[in-house]
**Q** 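I'd like to ask some things about the structure below.
Below, chains carry the letters A, B, ... as their sequence lines are ordered, and counting in each starts from 1.
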Amino acid sequence: MTRDDMLRAILRDKMAVLGILIFAVFIFAAIFGSGLAPYDPQEMTRSASGSVAALEPPSLAHPFGTTNLGRDVFSQVLLGARTALTIGFIAAVVGVTIATILGLLAGYFGGWVDNLVTRAVEFSYTIPAEPLAVIILAVLGPSFTTVILAISVLAWRQPTRVVRNQVLTLRNRQFLKAARVSGASHTRILVQHIFPLTLPVSLVFFPVEFGSAIIAESVISFLGFGDPTSTSWGVILRRSFQEGALQSAWWWTFSAGTAITLATAALYFSVRPLEEVVNPRLRSRR
Amino acid sequence: MKAEGAMPVDRQPVDNDPELLGLPVAQRSDSNASRTPVIEARELTKVFTGSKSIFRRNVDDIRAVTKVSLHVDPGSVLGLAGESGCGKSVTAEMLAKLQEPTSGSISYRGEDITHVGGARLSTFRRKVGMVFQSPFDSMNPRWKIADAISEPLRIHKVGDRSERRSAVMEMLERVGLRPAEYYIERYPHELSGGELQRAAVARALILGPDLVIADEPTTMLDVSVRAGILNLLKRMRDEENLAMLFISHDLTTLSYLCDRVAIMYLGRVVEMGPAAGVLGERLHPYTNALAAAVPLEDPDLIRPPVPIIGDLSSASATTQGCAFAPRCPAGGRVCEEEAPELLEVREGHYVACHLHDDSKVVKQ
């Protein structure tokens, strides 16, 4: 699959285009959020009468309403986008990069390398992701770096397996034998021949892992194990839950929840046509 | 570009001068050709080890190639024939150093290369080209033809970018892909099987090898295109004084191209010698059966079929007798008890069959 094929597959799919457009909004918010936010997310806003504007429903002044302490939910969600996207992006890069390297080595060299990697993947599947993340954060203490570590520590397992299988379909191809007869080293064959042919698989997994990381970060923050100083969608959900806002102030929970849902759904939609190209079994009968 | 040896200043650089590219110039005269074979295999054996484990089903060892000895002389073509699964390709891949032999040795121009690596392996790689069976799989689908053909040059750091390009152009012309300007920009999926196989030949020859191993290069091509590839290989052999190992299961192809022929059955060489002798006399019953399977040009000509009975024996079975005995129309008791040795029955013509061993009595 060439880059053109991938682009064409995406543009043919209306949901994918919609997903990309929605996610573009989130990227915009992540980059310019701090400039666009009408209030400081920690500021206790006051109404015209001078009292704290606590638990106000959505209005022009507060599009997503306010919290029990009079904080502007819209500003919080806007700034939460930066946290979610930064952590998601880095975790996806780390996870997919490790997966690509492990998958290439395991699939190409086989033998004990393959055994080691395959067993490691199988073992990692027995570990539940969120409890492991919680343990890591409890031991290392919550911070931006440790949250990324806790999320990406298992983000490699699925793409590793798929990249490895893709390499297995390639390793006995004649053009690789031809390259070896010509004197190509293993490194050369891996980097110049095999890697470009498995790259689409890695690229498909990038948004998938990105979305999973956003959800994982929210879960960790919601449970209270995240970085307490960060403005995150999970933290917003946690506060609203603690204040029992589900009954009294739906906008508080709803806005952060919608942000998480939209961002991850947009990522999955955008990559769906690529997944179909890589895995023809997903193709719907048209 | 790194120094490739100082360019002689008093010489006008010519684009397609192979010496300028650091390519060895083929020796066109036979006068000083030594008697040393280009490549020689001695008792080459390949066993694919099965697994014996309490967790899995036991898999027996597969003896893919058993004690194969053969050699290719400078400027001559050795044909290797036999049915599918007889070990032709494994033999070829061992000779090309793509697979490690289990035992036996390989020497290149008298030098043992069975276990070489590093710089000496690299030197060997420069001198050996290979053409594979499937033209549609022998080029990276994402690479332009020109990049595939020039890959050996890049690996061995021959010439700079423009020198490599002109070397590729010249090679494209020589293998009949004209105009070269057109083909140099093509991707594999844009070419036909015949064109791709010509490109594969170009890649095999770009470094100026003195041995080409061709593993069934015409099997997957239409009959109409086959002759073109065969003629190309024949012409290249003459022009470059190439030695060639040519694998095929098609005896007509072998008789057209080869000086000597070796017939393999179940991993062993059963008959080997001059092409005319082996294909004409067909001393081994298996050679005879293979030859009888060749279609005749005249549809009215009725030829008595040479029956071979039963199926190919399993390569994992350890038969003590002749491997062909279960299927042999002429076999006797001695064939089931004793494996025949490869014996020279005529000048340079070897057969492994008790029928041609005067010390054995096959049938009373």
**Q** Got a sec: does the OH of A:Tyr108 have more than 12 other heavy atoms crowding it under 6.0 Å?
**A** yes
**Q** Scan for salt bridge (charged side-chain N to carboxylate O under 4.0 Å, His left out) pairs involving residues 147-165 of chain A, sequence neighbours excluded, and state none if there are none.
**A** A:Asp114-A:Arg164
**Q** Need one label for B:Met139: side chain, backbone, both or neither, based on atoms under 4.5 Å from any heavy atom in chain A.
**A** backbone
**Q** Among the options B:Pro152, B:Ser134, B:Pro141, pick out the one with the most heavy-atom pairs lying under 4.5 Å from chain A.
**A** B:Ser134
**Q** For B:Arg154, enumerate each residue passing the salt bridge (charged side-chain N to carboxylate O under 4.0 Å, His left out) test, keeping only those at least two apart in sequence or located in another chain.
**A** none
**Q** Just to be sure I understand the criterion: a residue of residues 23-32 of chain A counts if one of its heavy atoms is under 4.5 Å from a heavy atom of chain B. Which ones qualify?
**A** none
**Q** Using only non-hydrogen atoms and a strict under-4.5 angstrom cutoff, which residues of residues 167-189 of chain A touch chain B?
**A** A:Arg173, A:Gln174, A:Phe175, A:Lys177, A:Ala178, A:Ala179, A:Arg180, A:Val181, A:Ser182, A:Gly183, A:Ala184, A:Arg188
**Q** Take atom CZ of A:Phe89 as the centre, draw a 6.0 Å sphere, and report whether it contains more than 12 heavy atoms from other residues, nucleotides or ligands.
**A** no
**Q** With only heavy atoms counted, which part of B:Ser138 is less than 4.5 Å from chain A, the side chain, the backbone, both or neither?
**A** both
**Q** Give, as side chain, backbone, both or neither, the part of B:Glu93 having an atom under 4.5 angstrom from any heavy atom of chain A.
**A** side chain
**Q** How close do B:Arg142 and A:Leu197 get, heavy atom to heavy atom, and via which atoms?
**A** CG-CD2, 3.5 Å
**Q** Who wins among B:Asp215, B:Asp137, B:Leu98, B:Val128 for the most heavy-atom pairs under 4.5 Å with chain A?
**A** B:Asp137
